[in-house]
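Before any comments, here is the structure.
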Amino acid sequence: MTDEIAPPSIDVPDGWRLVSEEVTAPFDVRVIRIEAYTQIYEDVELRERLEAATGTENGTTWRFVFASRLRISPATSPSKSLTRLVRDRATSKFVEVLEERGFSDVDRADTHRIDVDHTAVEATRFRAQVRVDGRDRPVEAYFAAWPAGEEYLLGGGAYPLTLPEPETFDPESAREELFGMLRSIE
């Protein structure tokens, strides 16, 4: 009998709500089993303001963050090659998730380094579009994966770069808030 995988922990600001929590096998690798416990949060206040401003219920999560704990069985110590494999497969899955959530034209832009628990972690930045009120709106998304003991932690999220009038939004603050949430994942 195997132990259940523990949920990740993440500090989210007021106004954010847990919208999904599940344990999955996110991708297959021939000789090992990979299990992930994922939690997804969204900025409910922003969603409600946008629905009121546009007069529609878009269904698109404009601003969200997720945290995952990934367990590999049999237990394998992280290595550069295993970390690269996890990062590549999980990044591809993140792009699929963005598309499933209504984001289009998802393009990898570049990478940034963020400090997570005194370790520089590579975060990939994506640019995409969300269609709202008959118009494409730009969004930015980030994804990162890093070893944590015998497991891996994954985190990512997205936020709009512009909003329909009369709403205002500061993408710089949103990016810093996202990075803060990613740094808090344990």
Worksheet item: At their closest point, which heavy atom of Gln129 faces which heavy atom of Asp136, and how far apart are they?
Response: OE1-CB, 3.4 Å

Discussion item. I'd like to know if Arg63 pairs up with Glu42 as an ion pair, taking the criterion as any Lys NZ or Arg NE/NH1/NH2 lying under 4.0 Å from an Asp or Glu carboxylate oxygen.
Written reply: no

Discussion item. Do Tyr41 and Arg17 pair up side chain to side chain, a donor and an acceptor below 3.5 Å, judged on atom types alone?
Written reply: no

Worksheet item: Do Pro8 and Gln39 have side-chain heavy atoms sitting under 4.5 Å apart?
Response: yes

Discussion item. Side chains of Glu21 and Tyr37 only: does a donor on one sit below 3.5 Å from an acceptor on the other?
Written reply: yes

Worksheet item: Honestly curious: do Ile185 and Val19 fall in one hydrophobic cluster under the side-chain, below-4.5 Å linking rule?
Response: yes

Worksheet item: Are Val44 and Ile40 connected in a single hydrophobic cluster, I mean Ile/Leu/Val/Met/Phe/Trp/Tyr linked by side-chain heavy atoms less than 4.5 Å apart?
Response: no

Worksheet item: Just wondering, do Pro160 and Leu46 contact through their side chains at under 4.5 Å, heavy atoms?
Response: yes

Discussion item. Do Thr162 and Phe169 have side chains that approach each other closer than 4.5 Å (heavy atoms only, starting at C-beta)?
Written reply: no

Worksheet item: Between Val97 and Tyr159, is there a shared hydrophobic cluster once you connect ILVMFWY residues whose side-chain heavy atoms come closer than 4.5 Å?
Response: no

Worksheet entry | Glu99 vs Val106 side-chain heavy atoms within contact, under 4.5 Å | yes

Worksheet item: Is it the case that one hydrophobic cluster holds both Phe66 and Leu18, taking links as side-chain heavy atoms less than 4.5 Å apart, direct or via other members?
Response: yes

Worksheet item: Relative to the ring of His112, is the ring of Phe179 parallel (under 30°), tilted (30 to 60°) or perpendicular (over 60°)?
Response: tilted

Item to complete: Indicate yes or no: at least one non-hydrogen side-chain atom of Thr76 is less than 4.5 angstrom from one of Glu150.
Response: no

Practice prompt. Run the numbers on Tyr142 and Arg175 for side-chain contact (heavy atoms from CB on, under 4.5 Å), then give the verdict.
Written response: CA-CA 9 Å; Tyr142 281 88; Arg175 179 183 308 112; 3.5 Å; yes

Item to complete: Check whether any side-chain heavy atom of Leu82 sits under 4.5 Å from a side-chain heavy atom of Tyr152, and report yes or no.
Response: yes

Worksheet entry | Sole candidate of Ile5, Thr24, Leu70, Ile72 that passes side chain to side chain contact (heavy atoms under 4.5 Å, CB included) when paired with Glu35 | Ile5

Practice prompt. Determine, stepwise, if the pair Leu154 / Trp146 fulfils side-chain contact (heavy atoms from CB on, under 4.5 Å).
Written response: CA-CA 7 Å; Leu154 286 65; Trp146 61 95; over 6 Å; no

Worksheet item: Using 30° and 60° as the class limits, which term best fits the ring planes of Phe64 and Phe94: parallel, tilted or perpendicular?
Response: tilted

Response to the item:
Closest heavy-atom pair, Ser184 versus Ile10, reported as atoms and distance to 0.1 Å, is OG-CG1, 3.6 Å

Worksheet item: Are any non-hydrogen side-chain atoms of Ser73 and Arg71 less than 4.5 angstrom apart?
Response: yes

